[in-house]
Amino acid sequence: MWRGFSFWLLQYRRVWRGTIVISVANPLLFLLGVGVGIGHLVDRQASSPIAGVSYLAFFAPGMLAAASMQTAYLESTNRVAWAAAPDGAYRAATPTPLSPAQILGGHLLFIAFRIATSSAAFTLVMVLFGATHGWSALATLGGAVLTGFAFAAPSAAWAVGLRQTRRINSVFRFVIMPMYLFSGTFFAIAQLPHWLRPVAYLLPLYHGAQLCRTLSLGTATAAATALHAGILLALALAGIAAARVAYRRRLHP
Amino acid sequence: MTDTPLVEARGLTKVYPARGSSAEFRAVDGIDFALRRGEAFGFLGPNGAGKSTTMRMISATSPITGGTLRVLGFDPVAQGPQVRARLGVVPQDDCLDRELTVRENLYIYGRYFGLRRAVIRERAESLLDFAQLRDKADEQVEVLSGGMRRRLTIARSLINEPEILLLDEPTTGLDPQARHVLWDRLFRLKQDGVTLILTTHYMDEAEQLCDRLVVMDGGRIVAQGTPRELIAAHTTREVLELRFTDQDTAAEKLRASALCGDGGRLEVLPDRVMVYADDGEAALAAVHALRLSPLTALVRRASLEDVFLTLTGRSLID
């Protein structure tokens, strides 16, 4: 697994500066534009459903979870499909003693590393904005990494068998983006009409956003945290199991 | 050293199960062969003959679905990593990392085999010389020519000092000069005692490199032997190639003539007629005696291409 990981790391060495800039600039712009800008309007409403908390502090952890999902999705679809193509990186590793499961493991390790570093940059920006602090910040980071990973493994399982990468964009547009918007990232689920709320509960990102938000604001309860984390962990494990089968089928047909 | 074959297949079969809209596909259909140490063994056949699938089964990256296969004494399905650790594979696509340098590509590949850094560094130096890529060692693969990339892929496959080197269509897509450089490198490996298995649909490549060949078509072996044996067994010594303005009429006349009896044979292709004869000049004289005047006439030695044409009635390259 480490051998597979070392390839991705070596390749990443060339582009890491660019990705760090994006990892910091992205949250900076979002927290400024949405958190501070829109927050200014929201916080003046007396009857706000997020009473007692600034909109910035409410919104930032939800955004962190969503950004983590997005990083995970992009890292584990396009690059996985490319690596599995006839001229891709997996094809170079396939005739070596590495098994398809080890090739998968090495890449997932790298994706986890990317999720962790970009989420850490995001969390750092949150701390600078005063949106969270101390141990809460660290716990939130953990929640964000788990959220991302819950999307990474299933995405990789799906992408490794893809022959046409156009679908990656369609799924991004019609699955990932709606989830981004309706998982309580920008608003509280309580604001949704009654009939729509159960739908939100089914979205994995809802659990990621709730996990990060409650940890960040210090309002987490043991039971709710266990539920949210458990769902995300189950998704990650199911993804790994599916990916092991999918990788074997594609690389050892 | 023993006489047990390095690779031995009996009734080797690969069936891809039906999936979605595609029906069940029998890619390799019960083939037998044995490979001895130090020889260069070729699989010759058109696209879709089952050559690449056979290579994948030997290299333990595609489980067999029928028959038996032993590679270096191992079962490639149950002992895949052990088999792969001792083979070198040059795939049809180079799958080099274009953003990494030549040296980095060798390094990362060595790491896949779990080799220590110092060992990789030492072997990479001699492989750079072997592949004639010393000047390019620290350049990105992106800037290399097709021939250089191919040589790098071969160098990379040697990093674990394999006992058998498998090459899938090693010179497809290369210009003639690059092909000759590559053949020269492969010939040197053979001199050094490396056992080679290669697939090709070029008969000149098979004649240049292979001690022994199997000819495959539709997942089966249709003939095997040395290039010389195959030519002797399945075709005449010489071939007369003729082009006519009105090919149909000419072919009809030829068929009715004595040229088609007495061991002679006729093959009509879309653009030319081939007359198989032990004496090509005599056959040409006979053609003229029939009052036929071909646009061009060429007498040449029979090749593996003719063997394939005789065995299957089809040309190797469509």
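Below, read A as the first sequence line, B as the second, and so on, with proteins coming before strands; counting in each chain starts at 1.
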Taking A:Asp87 for its side chain and B:Cys95 for its backbone only, find out whether a donor-acceptor pair lies under 3.5 Å.
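Looks like yes, one N/O pair under 3.5 Å.
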Taking A:Pro253's backbone N and O only, do any of them form a donor-acceptor pair with B:Ser62's side chain (distance below 3.5 Å, no angle check)?
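Yes, B:Ser62 side chain to A:Pro253 backbone: donor-acceptor pair under 3.5 Å.
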Yes or no on side chain to side chain contact (heavy atoms under 4.5 Å, CB included) for A:Thr96 and B:Arg84, after CA distance, side-chain angles and deciding distance?
CA-CA 5 Å; A:Thr96 73; B:Arg84 294 196 295 274; 5.9 Å; no
For atom [atom1] of [X], decide whether the heavy atoms of other residues, nucleotides or ligands shown that lie under 6.0 angstrom number more than 12.
{"X": "A:Phe182", "atom1": "CZ", "value": "no"}
{"X": "B:Arg220", "atom1": "CZ", "value": "no"}
{"X": "A:Arg249", "atom1": "CZ", "value": "no"}
{"X": "B:Glu125", "atom1": "CD", "value": "yes"}

Atom [atom1] of [X] and atom [atom2] of [Y]: how far apart are they, to the nearest 0.5 Å?
{"X": "B:Tyr112", "Y": "A:Ile103", "atom1": "OH", "atom2": "CD1", "result": "7.5 Å"}
{"X": "B:Asp94", "Y": "A:Arg91", "atom1": "CG", "atom2": "CZ", "result": "14.5 Å"}
{"X": "B:Arg56", "Y": "A:Leu251", "atom1": "CZ", "atom2": "CG", "result": "11.5 Å"}

Max heavy-atom pair count under 4.5 Å with chain A, selected residue of B:Gly88, B:Ser157, B:Gly114, B:Gly80
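Max contact count across the listed options: B:Gly114.
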Give me the atom names and distance for the closest heavy-atom approach of A:Ala92 to B:Arg156.
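Minimum heavy-atom separation between A:Ala92 and B:Arg156: CB-NH1, 3.6 Å.
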Counting only heavy atoms closer than 4.5 Å, note whether B:Ser59 contacts chain A via side chain, backbone, both or neither.
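Neither part.
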Give, as side chain, backbone, both or neither, the part of B:Arg86 having an atom under 4.5 angstrom from any heavy atom of chain A.
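It is neither, since no heavy atom gets under 4.5 Å.
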